[in-house]
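Below is one structure, written out as structure tokens; the observations come after it.
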Amino acid sequence: MGNTKIFASAADAFKDLKTLGVLRDDITVMVGGFGLCGIPEHLIVALRESGVKGLTCVSNNAGVDDFGLGLLLQTRQIRKMISSYVGENATFEKQFLSGELEVEFNPQGTLAERIRAGGAGIPAFYTATGAGTLVADGKETREFFRPSEGVTGATIPGHGFAGRSMGAKGAGTPPALAASHARPYVLETGLYGHLALVKAWKGDAFGNLVFRKTARNFNPMMATAAAFVIAEVEELVETGELDGDIVHTPGSYVNRIVQATPQKRIEQRTVSK
Amino acid sequence: MSLAPISLFAPSANTLFPMTAATPQSALSPLPTLSRDQLARRAAQELRDGYIVNLGIGIPTLVANFIPAGMDVWLQSENGLLGIGPFPKDQDVDADLINAGKQTITARKGASFFSSSDSFAMIRGGHIDMCILGAMQVSAAGDIANWMIPGKMVKGMGGAMDLVAGVKRVVVVMEHNAKGNGMKFVKECTLPLTGTRCVHMLITDLAVFEFDGNRQRFVLTEVAPGVTVEDVRQRTEAHFEVAATVRTIGV
């Protein structure tokens, strides 16, 4: 039997991380969630308590002033945020405007795909998102056909199937699209963290995870895109109790797992009459 | 892209929303513009049965209230839901079920949940039929700017750049002019772009313009009740064509 992945609390799961060399100043930490939905509440508090600073946080949003990543902004433990939208946080705004906090804005789909790519061992990819905008500044841009338009299987102008040059034996038929149909794509790089903190609904002792509704968001990709992954779950069951057909994240990605009851704060409570 | 606040400059309102030299905007009399609900109602006329649609925040969200009866439209939420339902009853509020504006919502029958990367694969892969979104500026070439004003706090582009780059049909809904009659439908966007040559249709509170992809220009097809083509011209910096038959917006 290997060592157990189960820890009694978020604080316990963090206790020896510095000794192990996982937790240090200036590392990159992925933190799951969209707004306050599906954030690893207790792991964020444990990260704050650890006192590490100079962190680069990859997270779609930055929490609110007194909850989520806002807690680490208050204590000035974050040096840089890589996010797509950071609207709801006054502490953030103050530190950003004073130049204390660096921010790298990514289009949300680019952010999600950078994390997915990083976890899948893909160092870079091309996307149409952001071509011709500030986001493309300083990045390589080149033209391709839209894959959904490449009816011959070609996406590279002047080339047949799978990018092989036309005319070569077995290279496929030339694309029917005119080169003018091509459009610019921007080269974006994969993202990989030293540590990822994710939140799931259910998990088992092996680390298999199941997410619930829109609390899934960035969590599954982040679980694949860091050297060390800690999951916070609402319900922890024995290995074998989760149906393998409904597991979203296979347990091999998860190093540690903690059961904790979340507060689940709501940002915009909107009801119908 | 890294943004240091120090590099942001604060241009005057005139740079952001230019006035035309030809017509002093102050001389123009106020027009009967469409209300927010009427704009949403007009945008809803673009929906088709079976469409997969993403609605932006603000007026576009109101479009959901005007989906024609009997029409089956599936609303996608970028945070990982296909099949947005109505807002929940108080006792049904679920913190794990929100929309892109972080509002609590419900999921309709047949809805599905997925990760953010699956959601944006859906958006970027061309699997969404239409998105309806707001804008600060639209240019004559179909460029759009809707995420950032230099000198003001930048909150980020969220999913807007992905939507305009990947969705099959991009419909913009906005007020025709900024406060003080500043221009929003312009020759070239002066604000940082969200996407280039991507707007298929522009619906303003004065008129409707269709982008003609072959000729690479907008064509005025409808005007608001009580508004003339000349009225629209006087309040527009961008060049546009006028359709042979200009209809009145029916809302």
Side-chain angles (χ1 to χ4, degrees), chain A residues 34-38 60 83-88 93 96-99 102-113 115-116 127-138 146-148 184 201 211-221 248 262 264-272, chain B residues 1-6 77-81 86-90 92-107 113-121 123-127 143 145 147-148 153-166 192-197:
Chain A
F34 182 94
L36 299 180
C37 183
N60 189 54
S83 306
S84 87
Y85 188 83
V86 294
E88 348 287 344
E93 190 165 333
F96 175 55
L97 291 175
S98 71
E102 193 187 333
V103 183
E104 182 188 310
F105 284 117
N106 283 212
Q108 196 175 157
T110 295
L111 181 62
E113 190 63 13
I115 300 165
R116 197 199 70 80
T127 178
T129 299
T133 75
L134 278 178
V135 165
D137 281 0
R146 224 182 267 253
S148 60
W201 178 32
F211 304 95
R212 185 171 177 273
K213 303 193 174 179
T214 55
R216 190 183 318 185
N217 55 63
F218 284 81
N219 287 296
M221 296 90 76
H248 295 125
K264 291 197 188 181
R265 210 188 278 188
I266 292 173
E267 270 180 86
Q268 307 277 344
R269 189 186 182 91
T270 314
V271 295
S272 63
Chain B
M1 181 200 58
S2 269
L3 280 178
I6 197 106
S77 194
E78 68 189 18
N79 54 321
L81 164 62
F87 291 123
K89 299 270 183 234
D90 198 50
D92 297 328
V93 165
D94 183 344
D96 288 341
L97 186 44
I98 62 168
N99 64 15
K102 282 107 181 172
Q103 294 172 306
T104 48
I105 48 163
T106 58
F113 299 105
F114 33 85
S115 70
S116 301
S117 66
D118 285 335
S119 176
F120 282 93
I123 290 166
R124 292 144 76 115
H127 308 287
D143 297 350
W147 74 282
M148 167 184 176
M153 175 64 194
V154 186
K155 294 187 170 185
M157 67 292 279
M161 287 191 179
D162 305 286
L163 285 161
V164 299
L193 295 178
T194 306
T196 61
R197 297 170 185 273

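Heavy atoms only: backbone and side chains are in, while hydrogens, waters and symmetry mates are out. All values derive from a computational prediction rather than experimental measurement. We name chains A, B, ... by the order of the sequence lines, and we start the count at 1 in each one.
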Using a 4.5 angstrom heavy-atom cutoff, name the option from [options] with the most pairs to chain A.
options	value
B:R197, B:M161, B:R124, B:H127	B:R124
B:D118, B:L193, B:T104, B:L97	B:T104
B:L163, B:D94, B:T106, B:L81	B:D94
B:S115, B:G158, B:G101	B:G158

Determine the minimum heavy-atom distance between A:R212 and B:D96, stating which atoms define it.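 Heavy atoms only, the tightest pair is NH1-OD2, 2.7 Å.
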So which atom in B:G159 and which in A:Q108 form the shortest heavy-atom distance, rounded to 0.1 Å?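 Taking every non-hydrogen atom into account, N-NE2, 3.6 Å.
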Between atom [atom1] of [X] and atom [atom2] of [Y], what is the distance when rounded to the nearest 0.5 Å?
X	Y	atom1	atom2	result
A:L134	B:M157	CG	CE	8.0 Å
A:I266	B:I98	CD1	CD1	9.0 Å
B:I105	A:T214	CD1	OG1	6.0 Å

Chi angles and distances behind the side-chain contact (heavy atoms from CB on, under 4.5 Å) call for B:K102, A:F34: CA-CA 8 Å; B:K102 282 107 181 172; A:F34 182 94; 3.9 Å; yes
Partner set under salt bridge (Lys or Arg N to Asp or Glu O under 4.0 Å) for B:D92, not counting sequence neighbours: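 None.
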Under 4.5 Å from any heavy atom of chain A, what part of [X] do you find: side chain, backbone, both or neither?
X	result
B:T194	backbone
B:D143	neither
B:P192	side chain

Examine whether an atom of A:R269 lies under 4.5 Å from a heavy atom of chain B, and if so say whether it belongs to the side chain, the backbone or both; otherwise answer neither.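 Both the backbone and the side chain of A:R269 come within 4.5 Å of chain B.
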Using non-hydrogen atoms and a 4.5 Å limit, figure out which bit of A:S83 sits close to chain B: side chain, backbone, both or neither.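 Nothing of A:S83, per the 4.5 Å heavy-atom cut-off to chain B.
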State which residues pass ring pair (Phe, Tyr, Trp, His ring centres under 6.0 Å) with B:F120; sequence neighbours excluded, sorted by chain then number.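 For B:F120, no residue satisfies ring pair (Phe, Tyr, Trp, His ring centres under 6.0 Å) once neighbours in sequence are set aside.
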Trace of the side-chain contact (heavy atoms from CB on, under 4.5 Å) decision for A:T110 with B:D162: CA-CA 8 Å; A:T110 295; B:D162 305 286; 4.1 Å; yes
For chain B, which candidate among A:A131, A:C37, A:A128 shows the most heavy-atom pairs at distances under 4.5 Å?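 The candidate making the most pairs under 4.5 Å is A:C37.
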